[in-house]
Protein chains: 2
Amino acid sequence: MTITQLKYVLAVAEHQNFTKAAEKTFVTQPTLSMQIQKLEDQLDVLIFDRTKKPIALTEIGKKIVQQAKNIVNEADRIQDIVDQQKGFIGGEFKLGIIPTVMPTLLPMFLRNFTNKFPKVLLKIEELNTDDLIQKLDEGHLDAGIAATPLLQENIKERVLYYEPFVAYVPGQHRLANNQTIAIGDLDIDDILLLEDGHCFRDGVINLCKSAKTSLDDRFQIESGSFETLIKLSEEGMGMTLLPYLHTLDLGERQKANLHHFNDPAPAREVSLIYPKSELKIQIIDAMFDVISGVVRGAIAYQDVQIISPLPNKK
Amino acid sequence: MTITQLKYVLAVAEHQNFTKAAEKTFVTQPTLSMQIQKLEDQLDVLIFDRTKKPIALTEIGKKIVQQAKNIVNEADRIQDIVDQQKGFIGGEFKLGIIPTVMPTLLPMFLRNFTNKFPKVLLKIEELNTDDLIQKLDEGHLDAGIAATPLLQENIKERVLYYEPFVAYVPGQHRLANNQTIAIGDLDIDDILLLEDGHCFRDGVINLCKSAKTSLDDRFQIESGSFETLIKLSEEGMGMTLLPYLHTLDLGERQKANLHHFNDPAPAREVSLIYPKSELKIQIIDAMFDVISGVVRGAIAYQDVQIISPLPNKK
DNA sequence: ACAAACAATAGTTAAAACTTATGGAAGCTT
DNA sequence: AAGCTTCCATAAGTTTTAACTATTGTTTGT
């Protein structure tokens, strides 16, 4: 049994297809067939049920895949241990970022980071929180940036910053004349929300719940971008809430419509999250330091009230 | 990097000698040299410091060995998972037994076990408790039989039986006329002990401590076998304590010198112990069942007071 | 029934893992 | 200090195996 064989098994298990798995592992399809057969012979079990379409794992195959993941992960850590000992910061690093953080945070630290650690090959992906957690668990990502706390068993969180919610209230809105705004002023039915799947949406819903109203499921306009929400808001469809960093990019005219909350301002906690296994921890450390340094200049809020990003289950 | 290479590294790390490690891994010494060099090249670190005599691990080498142990153990478990799925009970099984249990317990279950599970290749070793725990941790043993509780982080215990202490009091001794005996009657300075390293010795010392006296370190006769202790006892050197199963082998004349304790009789807890990793758990289960079945007929004590086998640290 | 998709098989090649034989350094011995 | 032993590295040759290309065999869908 070799580590390579186990990697092949994992690839086939993941793609449920020998040909695709072969591409991903950079070998030809017959190589996969043979090596996996050899492993099956040696263990004297069938790992895959080849009669099913698409190909499926047998009962014991599932257990073997689980264990193979352990082994391959542990094996990968050896290079990591060596890198760490040498203080080497490099290699591939896969980072997932939630959509509502991506466009504002990434430009702030990306150049800085790649300059400082040129040997790290960053692969960045935009993912919502659920997918992010899943990919971290599966080892497809090395780290992620998301709103926290997530209360996940196998994931560690290191807080990068607290980003206050800012209300965008167009001129004709009932709250337009308030200098500042209180959580109690909010009415969920009056607020434009991002479409389902964004944790910022869930954060806003939680915020309003904590105020007074209970969300009932009547018609609401939802969109995937804050730009759209702002436009809709100006059309008189209601107010909306933006994360603080997004407000920095607005034009002067739009900034006039911003209303900050009274202290303690509601805020989301944005963290660097990564598996407890701490694979590539030295790169994670480096990234944390860079982002913290960059953000410290941009966000100076002290007195905030953290709003949970988790959807409220019923 | 291959699992084989990691096994080679572990072998050399263990034996601190390429030649011996080569024998143990059933390859020639140059194979080891080359494969380990290859791994070192690939990782671009030195795992071994070859200038030291005997050969030593480098700092990073220690970390690599630690991780390699994980990987190899996890890899071994795959075969185990398959065996378990198939309900196959077989393969090599290394069992360590403490000296004071070995001669009485082993004959009781060995034949029974090998008959029932002919495909298990039992390798039994006599070891004192400390060595046993260490070898379990290092993966050199699959399970052990020892006096418990041991309070070890990585070791599970399953109680096989409670074995009462029985006093052996020769005719001329001050306690010879007592029908039964109480813990309070014991005087540590008057009791013949096994030599240092036996946990039964520590058990007896703990027992006497719990009675009244504190052990002071003046001259005592100590021996490695109960037979010697009995002989010495009959020579008038004092009394001694025996584990119950040992008393079954005595002649009629010697049995007359046995004095059982009042209830609750002091007893040692004898358990099957094994690493938390539960490698080969199906064989462990089988062995537990066999031994429990055999012992149930021989030991029927209910009301016992468990004496710790751990040496009392000062 | 035919094409497409996909895995298995056959045959071949290059790499690797292992062997035996040998060399060289370090530590003991007398 | 010369000689012996121990022990690891190196060299050269052999065997094994992991990979490739090309092809065949099955199943699925049209």
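Throughout, protein chains are lettered first and strands after them, A, B, ... in sequence-line order, and every chain is numbered starting at 1. In this text, all values refer to a predicted model and were calculated from it rather than measured experimentally.
- Backbone-only engagement by B:Y8 is indicated by non-hydrogen atom pairs under 4.0 Å involving sugar-phosphate atoms exclusively.
- Remark on DNA chain C: of its neighbouring residues B:K38 and B:V27, the 5'-side contact belongs to B:K38, judged by nearest-heavy-atom nucleotide.
- Taking A:L46 as the reference, A:E40, A:R50, A:T58 meet the side-chain contact (heavy atoms from CB on, under 4.5 Å) condition, with sequence neighbours excluded.
- Applying the side-chain hydrogen bond (donor to acceptor under 3.5 Å, both in side chains) rule to pairs touching residues 109-124 of chain B yields B:E92-B:K123, sequence neighbours excluded.
- Side-chain contact between B:I98 and B:I145 is absent, with no heavy atoms from C-beta onward closer than 4.5 Å.
- With rounding to whole Å, B:K7 atom NZ is found 12 Å from C:dC18 atom P.
- Under 4.0 angstrom from either OP1 or OP2 of C:dT19 there lies at least one side-chain N or O belonging to B:T28.
- Two end axes, each from the C1' atoms of five base pairs, can be drawn for the helix from C:dA1-D:dT30 to C:dT30-D:dA1; they diverge by 30°, to 10 degrees.
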Which side-chain N or O atoms in residues 74-84 of chain A pair as donor and acceptor under 3.5 Å with protein atoms at least two apart or in another chain?
unit_1	atom_1	unit_2	atom_2	d
A:E74	OE1	B:Q67	NE2	2.9
A:R77	NH1	A:S277	O	2.8
A:Q79	NE2	A:D83	OD1	3.1
A:D80	OD1	A:K280	N	3.3
A:D80	OD2	A:K280	N	2.8

Listing time: all N or O pairs from protein to nucleotides 6-12 of chain C that are below 3.5 Å?
unit_1	atom_1	unit_2	atom_2	d
C:dA7	OP1	A:F18	N	2.9
C:dA7	OP2	A:N17	OD1	3.4
C:dA7	OP2	A:F18	N	3.1
C:dA7	OP2	A:T19	N	2.9
C:dA7	OP2	A:T19	OG1	2.8
C:dA8	OP1	A:R50	NE	2.1
C:dA8	OP2	A:S33	OG	2.7
C:dA8	N7	A:Q29	NE2	2.8
C:dA8	N6	A:Q29	OE1	3.2
C:dT9	OP2	A:Q37	OE1	3.0
C:dT9	OP2	A:Q37	NE2	3.4

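- Using a 4.0 Å cut-off on heavy atoms, none of the residues of residues 66-73 of chain A approach DNA chain C.
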Criterion salt bridge (Lys or Arg N to Asp or Glu O under 4.0 Å) on B:D49 and B:K52, from CA distance to verdict: CA-CA 6 Å; B:D49 180 351; B:K52 295 253 176 62; 3.3 Å; yes
Cut-off 3.5 Å, no hydrogens considered: what does the side-chain donor-acceptor table look like for residues 18-28 of chain B, sequence neighbours left out?
unit_1	atom_1	unit_2	atom_2	d
B:T25	OG1	B:A21	O	2.8
B:T25	OG1	B:A22	O	3.2
B:T28	OG1	B:T31	OG1	3.1

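- Of the side-chain N and O atoms in A:T31, one or more sit less than 4.0 angstrom from OP1 or OP2 of D:dC20.
- Residues that satisfy the salt bridge (Lys or Arg N to Asp or Glu O under 4.0 Å) test with A:E278, not counting sequence neighbours, are A:K156.
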Distance-only check: which donor-acceptor pairs under 3.5 Å involve side-chain atoms of residues 281-290 of chain A, not counting sequence neighbours?
unit_1	atom_1	unit_2	atom_2	d
A:D285	OD1	A:R158	NH1	2.7

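- Atom pair B:D41:CG and D:dA9:P shows a separation of 12 Å (rounding to whole Å applied).
- Straight-line distance from the CG atom of B:L6 to the C1' atom of C:dA17: 16 Å, rounded to whole Å.
- For A:K135, the salt bridge (Lys or Arg N to Asp or Glu O under 4.0 Å) criterion is met by A:E125, not counting sequence neighbours.
- Nucleotide D:dA9 holds its P atom 14 Å from the CG atom of B:L39, rounded to whole Å.
- Every pair passing salt bridge (charged side-chain N to carboxylate O under 4.0 Å, His left out) that includes a residue from residues 56-68 of chain A is listed here, sequence neighbours excluded: A:E59-A:K62.
- Atom C1' of nucleotide D:dC7 and atom NE2 of B:H15 are separated by 16 Å, given to the nearest angstrom.
- For the salt bridge (Lys or Arg N to Asp or Glu O under 4.0 Å) test, no residue two or more places apart in sequence or in another chain qualifies with A:D137.
- Between B:I47 atom CD1 and D:dC8 atom P the separation is 15 Å, expressed in whole Å.
- When the P atom of C:dA17 is taken as reference, atom CD1 of B:I36 falls 13 Å away, rounded to whole Å.
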